[in-house]
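Only one structure is covered here, and it is reproduced in the block below.
This one's a predicted model, so the numbers in the text were calculated from it and none came from an experiment.
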Amino acid sequence: MQFNSIYQLLSVLLIIGGLSFGCERDLEDLEPAEFPTNGDVFIDGFTGGMEYAAFGGSKVTAFDVDTEIKYEGTTSMRFAVPDFEDPEGAYAGGTFFLTSGRNLSGYTALTFWARATRSATIDEIGFGNDLGENRYVTSVAGGIQVNTNWQKYYIPIPDPSKLTSERGMLFYAEGPEDGEGYTFWIDQVQFEDLGTIAGPEGFIFNGEDRVVTSEGGSSFNADGYTVFNLPTGIDQRINTAPAYFNYVSSNPEVATVSESGIVSVIGGGEAVITATIGDEAAKGSLTITSTGQATTPQQAAPTPTYEADDVISIYSNAYEDEPVDFYNGFWEFSTTLNDFTEVQGNDVIRYFDLNFVGIQFTSPTIDVSEMTHFRIDIWTPSETAPPADFKVLLVDLGSDNAFGGNDDSSHELTFTSPTLVSEQWVTLEIPLSDFTGLTGQENLAQIVLSGSPSIVFVDNMLFYAGENDPGPGDDAPTVAAPTPSVPAANVISLFSDAYTDVGVDTWRTEWSMADFTDVEVAGNPTKRYSNLEFVGVETTGANLIDATDMTHIRLDVWTPDATTFRIKIVDFGADGEFDGGDDTEHEIIFEAPSQNQWITYDIPLSDFTGLTNQDNLAQFIFSAVPVGATTVWIDNVFLRN
Amino acid sequence: MLNKIKTSIYCYSFLMTAAFLLTTLTGCEADESQNLEERNFRLVWSDEFDGEAGTLPNPENWTYDIGTGNNGWGNAELQYYTDNPSNVSLDGNGNLLITARRESFGGQPFTSARIKTEGLFEQTYGRFEARLKAPVGPGVWPAFWLLGNNCAEEPWPQCGEIDVMELRGQAPNKIAGSLHGPGYNAGRAITTEFSLENEGRFDTDFRVFAIEWSEDKVDYFVDDFLYQRIEREDVPGEWVYDHPFFMILNVAIGGNYVGFPTSETPLPQSMVIDYVRVFAAE
């Protein structure tokens with residue numbers, strides 16, 4: 001990319017112009033050198049000193065200059081958004097920035113014209129991204145809607161007086177629409193001084209007047225947004241960097257607030273945090289009543305020692321955390337507040353007024369199927385004797401990777417004394433297999449913590465793959481099924497090393513939907529079904545089983561992935577033949593079977609309520625969910641009394 | 001009270017443009033003023049909208065149009081006009097609020113209000129002015145206007161209509177003043193737009209909208225800047241402005257003039273009226 005370098009020339013011209021046009025000039029009026037005030041970003045090419053950097057993971061060739069399609073003049077900026085799964089990059093995104101700053105304080109908005117090959121929403125577009133501090137980063141909340149017609153767009157500057165040396169001129173990020181790439185164009189990009197924009201209204205704490213009880217050491221985030229009314233008469237919400245707001249604490253002895261909007265509670269008493277944007281008061285405030293000294297852990301939580309490769313971290317100083325939407329969703333009916341504090345230099349989250357709190361990570365969701373355990377360290381000053389409890393709920397969005405759709409799964413585990421202890425770090429290392437209702441693990445999206453302690457410090461929230469616990473990825477049993485101990489006299493065995501088996505026509509009927517192999521597990525013969533939808537085992541004709549004297553069917557099952565397992569028994573009735581109007585059958589369904597371990601099913605035949613006869617048992621049908629995608633090992637199949 | 005209106009008050013947007021050009025091209029001084037003929041006006045009627053917040057305006061001055069009229073008041077407007085204080089009330093700070101809301105009522109998706117002095121105060125000629133801030137947004141149509149008091153006998157447009165100001169909410173920096181009469185009405189009305197261009201909007205600051213109406217002309221003002229003069233001989237039909245007119249203030253939503261509101265139209269929103277004053281020539 002070749003950028004013009006007419007910038008110096010322009011500034012020279014401006015200086016000359018100033019000299020020749022001025023009427024009178026006083027030396028005292030001279031001010032220190034200021035940054036240039038040129039508002040042009042891209043008219044027919046870039047102003048000098050402009051650099052472009054593509055964002056990480058984006059398709060680096062997405063941006064180019066177009067001379068064919070343009071709004072005005074000779075050229076426009078063209079952005080080619082890649083298709084879903086383009087090997088060169090998942091999205092188009094980057095920033096145009098200057099090597100030296102501009103004084104934009106005389107402008108009110110960044111404006112440009114845009115069109116696209118289709119109707120689309122450009123997810124992120126704004127200015128103030130200088131690949132550095134991004135101190136005054138500004139963007140359109142919700143992105144902009146483009147279509148095939150040229151339209152003018154406005155991104156108001158929340159407080160122009162702050163932009164005296166801005167380098168970030170334009171940035172964008174846009175992914176495929178419905179999986180499809182497309183092209184959009186931007187032209188006539190410039191900062192303008194417009195009197196036709198009204199506002200802003202500023203909002204902090206989401207425009208609410210919040211009240212919290214807090215303690216020394218707590219901190220809160222006071223970031224906000226602004227709303228402008230555009231020249232088209234519509235309101236536009238603008239993502240507004242905290243540095244645009246002027247924050248004030250009514251009592252700096254109790255709480256301070258930094259330029260970046262971090263509120264720190266430092267003493268006892270009351271303080272109110274407010275802000276202005278420009279000269280106008282922002283809506284929203286935080287009233288803090290601090291009790292002063294906090295009851296806090298004196299020691300940091302034990303540092304986890306898992307290999308970084310074996311960890312997916314949600315919150316820990318020991319590892320790099322995954323992107324998290326929020327550590328407190330402030331969901332309806334949740335009273336929970338939180339702050340971020342430090343214990344011995346270790347970051348911890350302090351939840352208080354806890355009833356329940358949602359921690360969410362949807363961009364992207366997290367695949368924990370290679371992990372074996374969830375770990376969380378908790379510390380509470382609250383009472384933990386019974387009936388106190390602490391609960392951990394994991395939520396997976398299922399294969400659609402979206403909330404709802406009937407494929408979400410979740411499971412909650414409850415912890416009580418003696419596991420729970422007051423004023424001590426408690427490390428919970430919970431096997432994921434204990435979350436038996438969590439049938440999906442590839443699109444984990446939420447952790448919900450709840451319980452009776454009103455204050456809980458949390459650290460080292462992470463998933464890890466334990467060394468000795470074969471994860472779902474190790475998808476075969478390494479130990480044989482347990483050898484049954486029922487006396488042989490009480491057994492009709494179809495398949496077991498421990499007994500003499502009766503005749504079985506087939507362990508996989510023609511009509512089955514499954515692959516079948518006889519395998520050995522630790523030297524023990526075992527039936528293995530893969531790609532299992534359903535499989536029929538038949539004992540017909542001479543092999544019909546009279547189970548009149550039997551009370552139970554028993555079998556051992558091992559699966560790494562089945563979320564539902566079903567057993568159906570069919571009796572051919574008095575005629576001993578398929579059909580004939582006298583067949584009876586019943587199916588028992590097991591939801592969320594334990595995975596990666598041998599499960600011994602010992603099921604009373606009386607549970608098979610639809611199986612009104614049991615003297616001509618002819619079919620045993622096993623099936624599983626996810627349909628056609630499960631693998632199941634089966635051993636020790638027998639009837640007993 | 002005798003109130004003399006000063007003439008020759010300089011303009012706003014034109015001045016700014018001129019000043020800019022002058023500074024850029026030549027020098028540091030700029031001044032521009034309009035020289036209008038001297039005239040004296042005497043205040044004869046006013047409502048300053050003082051009163052308790054949440055109350056209706058003075059019933060001795062104002063009455064109401066209720067409902068949807070005929071085909072959305074002839075314009076396919078979408079609102080239902082009420083006399084409910086949520087649509088029309090004093091704000092307690094000396095202003096009247098006419099508030100358009102997105103709420104279903106009377107079969108319409110919006111409510112608003114339209115107040116008028118019909119039967120209470122009607123006058124031929126003079127200066128009619130209102131100081132107000134307009135609501136904005138796609139499909140929002142605020143107006144301050146006059147209608148002849150004989151529309152029952154001489155159906156519109158024969159009874160005459162003088163629009164002091166109306167605004168299309170999708171262009172918050174532009175208003176229009178118009179004259180509707182027989183042979184020149186609706187889309188063929190005599191009208192002039194006045195734009196603040198890049199210098200401001202009509203929702204952010206109070207501005208005074210006025211007409212000065214006499215036997216042979218109507219002058220249109222924004223903040224005492226004359227932006228349109230329509231004289232008797234300019235009218236391509238009959239001059240129907242020699243009888244008493246009454247005043248109307250309203251905020252319409254949607255309709256033929258302004259187009260449809262969108263989901264992004266900011267509602268509720270109010271026209272904020274500081275005062276309405278009427279003067280007679282001395």
If you count heavy atoms of other groups shown closer than 6.0 angstrom to CZ of F260(B), is the number above 12? no

Once rounded to the nearest 0.5 Å, what's the spacing between atom CG of D193(A) and atom CD of E199(B)? 8.0 Å

Of the backbone (N, CA, C, O) and the side chain (C-beta and beyond), which part of N198(B) lies under 4.5 Å from a heavy atom of chain A, both, or neither? both

Look at G137(B), P135(B), G139(B), P266(B) and state which one has the largest set of heavy-atom pairs under 4.5 Å with chain A. P266(B)

Can R201(B) and N229(A) be said to form a side chain to side chain contact (heavy atoms under 4.5 Å, CB included), step by step? CA-CA 10 Å; R201(B) 301 162 42 121; N229(A) 193 274; 2.5 Å; yes

Minimum heavy-atom separation for A198(A) and T204(B), please, with both atom names. CB-CG2, 3.4 Å

In terms of heavy-atom contacts, P172(B) and P231(A) come closest through CD-O, 2.9 Å

Whether over 12 other heavy atoms sit under 6.0 Å from N149(A) CG: yes

Got a sec: does the CD of E208(A) have more than 12 other heavy atoms crowding it under 6.0 Å? yes

Are the side chains of I234(A) and P138(B) in touch, meaning some heavy atoms are under 4.5 Å apart? yes

